[in-house]
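Take a look at the structure set out below.
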Amino acid sequence: NAGVTQTPKFRVLKTGQSMTLLCAQDMNHEYMYWYRQDPGMGLRLIHYSVGEGTTAKGEVPDGYNVSRLKKQNFLLGLESAAPSQTSVYFCASSRGRGAYEQYFGPGTRLTVT
Amino acid sequence: TQLLEQSPQFLSIQEGENLTVYCNSSSVFSSLQWYRQEPGEGPVLLVTVVTGGEVKKLKRLTFQFGDARKDSSLHITAAQPGDTGLYLCAGPGNTPLVFGKGTRLSVIA
């Protein structure tokens, strides 16, 4: 089992460029999440999905879009990158919400110049 | 909005010392989780507590859930350099899981 994988690991963008981060999980989990982690801010939820074909907004959704076309994949898109989106992005998955364990990927470090 | 406040924000101790970190809220949580995140990696679950007053032990780590289910603590006995990392508490809220900002622990050999 690979668990949760993220692509790419590092990326540098110029302001205004677009990109897509890919998350894949092989645990047949229904729930998937995208978080960003900034110094002193902890983990903040961007968007999440409770199943294939569904998405929902989290705490900081502005400037991001997501899609869950297949159960095992969750894509995070930045249509027009801004320096404020410089961060480390983590994908996670879980069987359910609440007390269920979330399994995290290794993260993507994104720098927007 | 359910918030989880963690303290202290930073902690630097010598190997062999004991320490306690805290996770507090004004809201009641049905459960709380503790994760540890090592540099360059994603968080990994250490424990889930679900009953008020519950105490769970994981080797040298002792986790306690407050009687009123509004707070939790993590006590480490005889800390080792391998305990270095960011300790995050989390609980279900308006979103599937709300995280505290974490306690960054550094254990010096």
Next item on the list: Say whether, by atom type as modelled, one donor and one acceptor occur between the side chain of B/Q33 and the main chain of A/Y100 under 3.5 angstrom.
Entry: yes
Check: Looking only at atom types and distance, does a side-chain atom of B/Y35 sit under 3.5 Å from a main-chain N or O of A/Q102, one as donor and one as acceptor?
Finding: yes
Are [Y] and [X] connected into the same hydrophobic cluster when the rule is that any two of I, L, V, M, F, W, Y join if their side-chain heavy atoms are below 4.5 Å apart?
X     : Y     : value
B/L61 : B/I13 : yes
A/M41 : B/L3  : no
A/V88 : A/M19 : no
A/W34 : A/L75 : no

Within 6.0 angstrom of [X] [atom1], more than 12 heavy atoms from elsewhere:
X      : atom1 : result
A/R109 : CZ    : no
B/R60  : CZ    : yes
B/E15  : CD    : yes

Item checked: Heavy-atom pairs under 4.5 Å with chain A, option from B/A90, B/G93, B/G42, B/G40 with the top count -> B/G42
Note to self: So for B/L88, is it side chain, backbone, both, or neither that comes closer than 4.5 Å to the heavy atoms of chain A?
What the structure shows: side chain
Note to self: Using side-chain heavy atoms (C-beta onward) and a distance below 4.5 Å, is B/P96 in contact with A/L45?
What the structure shows: yes
Closest approach of [X] to [Y] (non-hydrogen atoms, all atoms of both residues):
X     : Y     : value
B/L86 : A/Q37 : CD2-NE2, 3.6 Å
B/Q37 : A/F90 : NE2-CZ, 3.3 Å
A/G98 : B/S31 : C-OG, 4.4 Å
A/L43 : B/P43 : CD1-CG, 3.8 Å

Check: What's the spacing between A/Y35 OH and B/L97 CG if we round to 0.5 Å?
Finding: 5.0 Å
Checklist line | Interatomic spacing from OG1 in B/T95 to CZ in A/R97 - rounded to 0.5 Å | finding: 7.5 Å
Notebook entry, point to check: Can you list the residues that meet the side-chain hydrogen bond (donor to acceptor under 3.5 Å, both in side chains) rule with A/Y103, with sequence neighbours excluded?
Noted result: A/E101
